[in-house]
Amino acid sequence: WRQAGVPAHYIGHPLLDGLPHDEAGLRAVRDPAIAALPRPVALLPGSRPREVADHMPLFLAAAQRLLARHPDASFHAAHVSPAERENLAAHARAAGVPLAVHGDRVHAVMSSCRAALVASGTATLETALLGTPLVVVYHVSPALARIGRVLVIPPFIGQVNLVAGRAVAPELILRHGDADAPAALAQAALPLLSDTA
């Protein structure tokens with residue numbers, strides 16, 4: 001801002017103010033029961049009802065593929081809205097994927113899992129700040145995908161990669177209705193379930 005001639009002062013960022021900054025703080029927010037599991041995976045479809053409806057079936061289809069490769073994987077979610085928590089559970093029941101919904105303890109889920117599938121948005125930055133490897137998912141309509149090909153867009157879509165200025169987490173732009181989307185998402189997540197620290 002100053003380079004553009006605007007008097008400005010940086011006073012902080014709400015995510016940095018509200019998230020733990022050290023190992024003691026992370027231990028306090030983590031759920032030891034989740035963290036003790038062999039391969040816990042967070043499914044974070046977004047906060048709005050439309051995002052949950054759009055992303056959760058895709059995330060659960062990818063979870064089915066992850067379970068086929070790693071039967072010891074477990075899946076975890078949380079949401080601030082009781083109605084959306086029920087929607088998360090209903091999607092999981094319909095898909096036949098075991099999902100533990102941990103109330104509104106979103107940061108506990110983010111920080112306790114080995115990996116996370118995260119809809120593009122603020123949650124990508126939160127998950128990274130809590131130290132959890134993630135895959136950033138941007139789920140778009142076929143029309144938006146076509147428009148996106150002709151627009152000038154930045155090299156990244158996820159806030160975590162935009163802020164870092166480099167690819168910290170893999171990003172996937174997936175089209176609604178694309179039969180290959182769950183396999184692509186599972187493929188991007190697989191290394192996070194088997195790599196060492």
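Looking at residues two or more places apart in sequence or on another chain, you find a side chain to side chain contact (heavy atoms under 4.5 Å, CB included) between S120 and V136, Y138. The side-chain hydrogen bond (donor to acceptor under 3.5 Å, both in side chains) test applied to R2 returns no partner, not counting sequence neighbours. H107 meets the side-chain hydrogen bond (donor to acceptor under 3.5 Å, both in side chains) test with E126; sequence neighbours excluded. Judged as a side-chain hydrogen bond (donor to acceptor under 3.5 Å, both in side chains), and not counting sequence neighbours, the contacts of R48 are E51. Among residues two or more places apart in sequence or in another chain, the side-chain hydrogen bond (donor to acceptor under 3.5 Å, both in side chains) test is passed with E23 by R30. Not counting sequence neighbours, the partners of H102 by the ring-ring contact (aromatic ring centres under 6.0 Å, His included) test are H76. A42 is linked by a side chain to side chain contact (heavy atoms under 4.5 Å, CB included) to L44, V109, C113, A116, counting only residues two or more places apart in sequence or in another chain.
Applying the salt bridge (Lys or Arg N to Asp or Glu O under 4.0 Å) definition to pairs two or more places apart or across chains, those involving residues 80-96 are E86-R93. Sorted by first then second residue, the salt bridge (Lys or Arg N to Asp or Glu O under 4.0 Å) pairs that include residues 95-113, not counting sequence neighbours, are D31-R105. Among residue pairs with one or both ends in residues 8-20, none qualify as salt bridge (Lys or Arg N to Asp or Glu O under 4.0 Å); sequence neighbours excluded. Sorted by first and then second residue, the salt bridge (Lys or Arg N to Asp or Glu O under 4.0 Å) pairs with a member in residues 62-81 read R39-D72; sequence neighbours excluded.
Taken together through direct or relayed side-chain contacts under 4.5 Å among Ile, Leu, Val, Met, Phe, Trp and Tyr, I11 and L19 form parts of separate hydrophobic clusters. Tracing side-chain contacts under 4.5 Å through hydrophobic residues (I, L, V, M, F, W, Y), one never reaches V106 starting from L37; they form parts of separate clusters. Connection of L190 to L58 is established within a shared hydrophobic cluster, with ILVMFWY side chains joined at heavy-atom distances below 4.5 Å, either directly or through further cluster members.
To the nearest 0.5 Å, atoms CD1 (I34) and OG (S111) are separated by 8.0 Å. Remark: M110 CE to L26 CG distance equals 13.0 Å, nearest 0.5 Å.
Side-chain contact between V137 and F59 is present, with at least one heavy-atom pair separated by less than 4.5 Å. Contact annotation: the side chain of T124 approaches that of L134 to within less than 4.5 Å [non-hydrogen atoms, C-beta and beyond]. The shortest side-chain heavy-atom distance between P45 and L88 falls under the 4.5 Å cut-off. When side chains are defined from C-beta on, P20 counts as touching L130, because their heavy atoms get closer than 4.5 Å. At a threshold of 4.5 Å between non-hydrogen side-chain atoms, the residues H55 and L117 do not count as touching. Residues F75 and L67 have side chains in contact (heavy-atom distance under 4.5 Å, counting atoms from C-beta outward). Taking 4.5 Å as the limit, some side-chain heavy atom of L193 sits within range of a side-chain heavy atom of V41.
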If you apply the rule side chain to side chain contact (heavy atoms under 4.5 Å, CB included), what do you find for M56 with L99, and how did you get there? CA-CA 11 Å; M56 209 55 190; L99 176 71; 3.7 Å; yes

Which is it for L192 and R114 under the side chain to side chain contact (heavy atoms under 4.5 Å, CB included) test, yes or no, and what are the steps along the way? CA-CA 7 Å; L192 304 181; R114 178 184 179 119; over 6 Å; no

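The two residues A119 and G46 make their nearest non-hydrogen contact at CB-N, 4.1 Å. When all heavy atoms are compared, the tightest approach of P7 to G5 is CD-O, 3.7 Å. Of all the heavy atoms in D180 and D178, the pair that sits closest is N-OD1, 2.9 Å.
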Sequence neighbours excluded and cut-off under 3.5 Å, please list the side-chain donor-acceptor pairs for residues 162-172, or say none.
| unit_1 | atom_1 | unit_2 | atom_2 | d |
| --- | --- | --- | --- | --- |
| E171 | OE1 | I157 | N | 3.0 |
| E171 | OE2 | I157 | N | 3.1 |
| E171 | OE2 | G158 | N | 2.8 |
| E171 | OE2 | N161 | ND2 | 2.8 |

